[in-house]
Amino acid sequence: MSKELVKKAQKGNKVALNELINRHRQLAFTIAFKYLKNREDAEDIVQNSFIIVLKHIGKFRNEAKFSTWLYRIVYHECLKELKNKNNRSAYVPQFYTIQEQEEEDNSFEFNNIISVLNSNEYLVISLFYLKEKSIKEIMKITSLSNANIKTILHRARKKMKENYQKNIHKNERSIN
């Protein structure tokens with residue numbers, strides 16, 4: 001379905017282009033926010049990324065998925081922004097999620113579990129599990145090697161499991 005939307009967008013169909021943007025806006029923002037740790041900067045990066053998409057949609061060859069191309073743009077725009085800001089400070093995880101009220105508790109629990117992940121780990125976990133990207137697609141987005149991605153996935157899973165177990169034990173102690 002995305003391929004048809006891309007073809008329509010390449011022919012100037014604004015509805016198709018808006019649909020593509022709307023489908024991927026939230027994860028693009030989440031990726032940018034995870035790296036930049038600032039809502040306004042993340043919004044700027046996402047907006048810049050979509051401007052790049054608008055300018056170059058005609059050159060997109062549909063060899064990869066549209067989402068892979070877009071997330072790669074967002075990722076590299078984040079890296080450029082970090083380099084420009086000389087922001088090499090220690091990573092302090094922060095989260096921004098838009099959730100409906102009934103999902104708030106689950107969202108808090110999930111955010112608590114992933115709070116131990118650094119930006120790269122979060123990106124790879126999100127792409128692999130939430131967006132169901134293959135390792136090959138993640139390689140295209142991040143320019144990381146196959147081995148690096150597998151290592152990051154392993155390390156992130158281990159960190160999340162340890163954090164989850166720690167939180168369970170903490171909750172059990174607070175109940176008793």
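Any value given below was found using the heavy atoms of this structure, including those in side chains, with hydrogens, waters and symmetry copies removed.
Salt bridge annotation for K166-E162: absent, with no cationic side-chain nitrogen under 4.0 angstrom from a carboxylate oxygen. Between K7 and E4 no salt bridge is recorded (no basic side-chain N to carboxylate O distance below 4.0 Å).
Between the CG atom in L153 and the CG atom in N148 there is a gap of 11.0 Å [rounded to 0.5 Å]. S134 OG to F128 CZ: the interatomic distance, rounded to the nearest 0.5 Å, is 8.5 Å. For the atom pair I73 CD1 and T68 OG1, the distance stands at 11.0 Å (nearest 0.5 Å). Atom CD in E40 sits 9.0 Å away from atom CZ in F33 (nearest 0.5 Å). Put simply, OG1 on T30 and NZ on K131 are 9.0 Å apart, with the number rounded to the nearest 0.5 Å.
Nearest heavy atoms, R25 versus F50: CA-CZ, 4.0 Å. In terms of heavy atoms, Y129 sits closest to R157 at OH-NE, 2.6 Å. In this structure, A9 and A16 approach most closely via the heavy-atom pair N-CB, 3.9 Å. Contact between M139 and S145 at its shortest, heavy atoms only, is CG-C, 4.2 Å.
Within the 3.5 Å criterion, the main-chain N or O of I57 finds a donor-acceptor partner in the side chain of Q10. The closest donor-acceptor contact from the side chain of S119 to the backbone of K34 lies under 3.5 Å. Put simply, the side chain of N163 never gets that close to the backbone of K159: no donor and acceptor are under 3.5 Å apart.
Using a 4.5 Å cut-off on side-chain heavy atoms (C-beta onward), H76 and S49 make no contact. In this structure, K83 and L79 have side chains that are not in contact, with every pair of non-hydrogen atoms separated by 4.5 Å or more. No side-chain heavy atom of V74 sits less than 4.5 Å from a side-chain heavy atom of W69. Side-chain contact between I149 and T142 is present, with at least one heavy-atom pair separated by less than 4.5 Å. Considering only heavy atoms from C-beta on, L36 comes within 4.5 Å of E81 through its side chain. F66 is not listed as a side-chain neighbour of R23, based on a closest heavy-atom distance of 4.5 Å or more. Residues N62 and F60 have side chains in contact (heavy-atom distance under 4.5 Å, counting atoms from C-beta outward). Side-chain atoms of I138 and L144, non-hydrogen and from C-beta on, never get closer than 4.5 Å to each other.
Using a 3.5 Å distance cut-off with no hydrogens or angles, the side chains of Y35 and N120 do pair a donor with an acceptor.
Around atom NZ of K8, no more than 12 heavy atoms belonging to other residues, nucleotides or ligands sit under 6.0 Å away.
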